[in-house]
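To keep things clear, I will list the structure first and then write my remarks on it.
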Amino acid sequence: MHAGLRITAFTAALAATFGTAYGVGQAFDPVVEDAAPARHETHPRASWEPAEEGDRGGHEAEPAGGLQIFEGGYTLDLATPRVAAGERSKLSFVIRDSAGRAVTAYQREHEKELHLIVASRDLGTYRHLHPTRAADGTWSIPVDLPRAGGYRVFADFTPAREGAENLTLGADLAASGPYEPQRLPAPNSTAKVDGYEVRLDGGLRPGKAGELKLKVSRDGRPVTDLQPYLGAYGHLVALRSGDLAYLHVHPNGEPGDGTTKPGPEVSFTATAPSAGSYRLFLDFKHEGKVHTAAFTVRAGAAQSTDEPHAAESGHGH
């Protein structure tokens, strides 16, 4: 999907100053047939990803994804800028081209035309959703945001035109009601979710690649039969503290190609774009259900080995 940290195996890196992870929402298949899925290795280089050696040319890296409502001639037109906290609401939006027309043709990536992420500004609430697209190009999905406050909506997609690059556009969303911001949890190397424990080994280094390994267990036993979710054994979204710079990455290999295995350990390489705090949200599937494990990491600092952090999560499909 869209870019950010350089990842060469299953992966991601996530930023944040915030709290417990939620992964709730309903996922729907698009209503229109789309182009064949793009393979992982064909994705454009992430905006957080360093240029290859000799390719820097003295220029700074591109801005991270999700910080702009407009990019590459496309605009995220959020028709629902405000919802009520704790109430089920319909979230609707349109992706428009440079002429203002609604985009109705997309490339399928990881089994979907578009991936929608909704995260609170304090990263206490997190949703990975897959909305329905109507024939006129309007995307919609029910959402139920539990807490009031500011949110960021990220639309991750690739238009179906020759030479099109993957884009992540972001827009602000407000949930009305009494607001109490959450603090970012302390750095943690283990996360508990729905009876599972996920162990994170390794750390992030600003501007340098580092190996990260995630190991899933339940009842003290390694989980060796993770199931593919959206064409991969796991998905990791990273949000950086402060500006919510976005990254959504997947394993280089696909299930069945001989380069990835269904657990219990998934290894990946990531490069942090800067020093600071990050929040990582890992989606994995086991026994037919998707779970989200959340980690706080600090680029440039040793990873903590404190008590596991329990993350509330859930997914609709």
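Residue numbers start at 1 and run along the sequence shown.
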Considering all heavy atoms, the nearest Ala148-Gly177 contact: CB-O, 3.1 Å

Hydrophobic clusters here meaning ILVMFWY residues chained together by side-chain heavy-atom distances under 4.5 Å, can you tell me if Leu173 and Leu114 are in one? yes

Determine the sole option in Leu76, Leu167, Thr168 for which the side chain to side chain contact (heavy atoms under 4.5 Å, CB included) test with Glu71 is passed. Leu167

For the atom pair CG (Leu169) and CZ (Phe154), what is the distance rounded to the nearest 0.5 Å? 11.0 Å

Is there a side chain to side chain contact (heavy atoms under 4.5 Å, CB included) between Leu282 and Val198 once you walk through the steps? CA-CA 9 Å; Leu282 169 69; Val198 183; 4.0 Å; yes

Which residues share a side chain to side chain contact (heavy atoms under 4.5 Å, CB included) with Asp172, sequence neighbours left out: Arg121, Arg152

Quick one: list whatever passes ring pair (Phe, Tyr, Trp, His ring centres under 6.0 Å) with Tyr196, sequence neighbours left out. Phe284, His286, His291

Cluster question for you: counting only ILVMFWY and a side-chain heavy-atom cut-off of under 4.5 Å, with indirect links fine, are Tyr179 and Val83 together? no

Euclidean distance, Tyr151 OH relative to Leu244 CG, rounded to 0.5 Å: 12.0 Å

Is the shortest side-chain N to carboxylate O distance from Glu197 to Arg221 below 4.0 Å? no

Under a 3.5 Å distance rule, please check whether Asp97 uses its side chain to pair with a backbone N or O of Tyr74 as donor and acceptor. no

Residues in side chain to side chain contact (heavy atoms under 4.5 Å, CB included) with Asp136, at least two apart? Ala134, Thr138

Just wondering, more than 12 heavy atoms not from Arg82 lying within 6.0 Å of its CZ? no

Side chain to side chain contact (heavy atoms under 4.5 Å, CB included) assessment of Val290 paired with Asp283: CA-CA 6 Å; Val290 178; Asp283 294 336; 4.2 Å; yes

Determine yes or no for a side-chain-to-main-chain donor-acceptor pair under 3.5 angstrom, with Gln227 supplying the side chain and Glu287 the backbone. yes

For Trp139 and Phe157, I'd like to know if the aromatic rings sit close, meaning centre-to-centre distance below 6.0 Å. no

Just by modelled atom types, is the Gly220 backbone N or O under 3.5 Å from a matching donor or acceptor in the Ser217 side chain? no

Are Phe93 and Pro131 close enough that some pair of their side-chain heavy atoms sits under 4.5 Å apart? yes

Shortest non-hydrogen contact from Ala191 to Ala293? CB-CB, 4.1 Å

Quick check: is Ile117 connected to Val94 through a chain of hydrophobic side chains (ILVMFWY, heavy atoms under 4.5 Å apart)? no

How far does CG of Leu184 sit from CG of Leu123, to the nearest 0.5 angstrom? 7.5 Å

Checking Arg88 against Asp144 for the salt bridge (Lys or Arg N to Asp or Glu O under 4.0 Å) test, could you report, in this order, the C-alpha distance in whole Å, the side-chain angles of both residues, the deciding distance, and whether it holds? CA-CA 5 Å; Arg88 190 175 178 83; Asp144 185 354; 5.9 Å; no

Euclidean distance, Asp77 CG relative to Ile69 CD1, rounded to 0.5 Å: 7.5 Å

Take Val118 and Leu129, measure what side chain to side chain contact (heavy atoms under 4.5 Å, CB included) needs, and give me the verdict at the end. CA-CA 8 Å; Val118 180; Leu129 309 172; 4.2 Å; yes

Between the side chain of Thr80 and the main-chain N/O of Ser92, is any donor-acceptor distance below 3.5 Å? yes

Quick one: does any side-chain atom of Arg133 pair with a main-chain N or O of Thr104 as donor and acceptor, under 3.5 Å? yes

Do any N or O atoms from the side chain of Gln107 and from the backbone of Ala160 form a donor-acceptor pair under 3.5 angstrom? no

Check His115, Lys112, Glu111 against His130 for a side-chain hydrogen bond (donor to acceptor under 3.5 Å, both in side chains) and give me the one that passes. His115

Asn166 CG to Thr158 OG1 distance, which is reported to the nearest 0.5 Å: 3.5 Å

Closest contact, heavy atoms only, Ala102 versus Gly137: CB-CA, 4.4 Å

For the CZ atom of Arg199 and the CG atom of Asn188, what is their distance to the nearest 0.5 Å? 10.0 Å

Do Leu116 and Leu145 share a hydrophobic cluster, counting only Ile, Leu, Val, Met, Phe, Trp and Tyr and linking them when any side-chain heavy atoms are less than 4.5 Å apart? yes

Provide the closest heavy-atom pair for Pro228 versus Lys285 in the form atom of the first, atom of the second, distance. O-CD, 3.5 Å

Derivation of the side chain to side chain contact (heavy atoms under 4.5 Å, CB included) call for Phe295 and Leu214: CA-CA 11 Å; Phe295 301 88; Leu214 291 168; 4.0 Å; yes

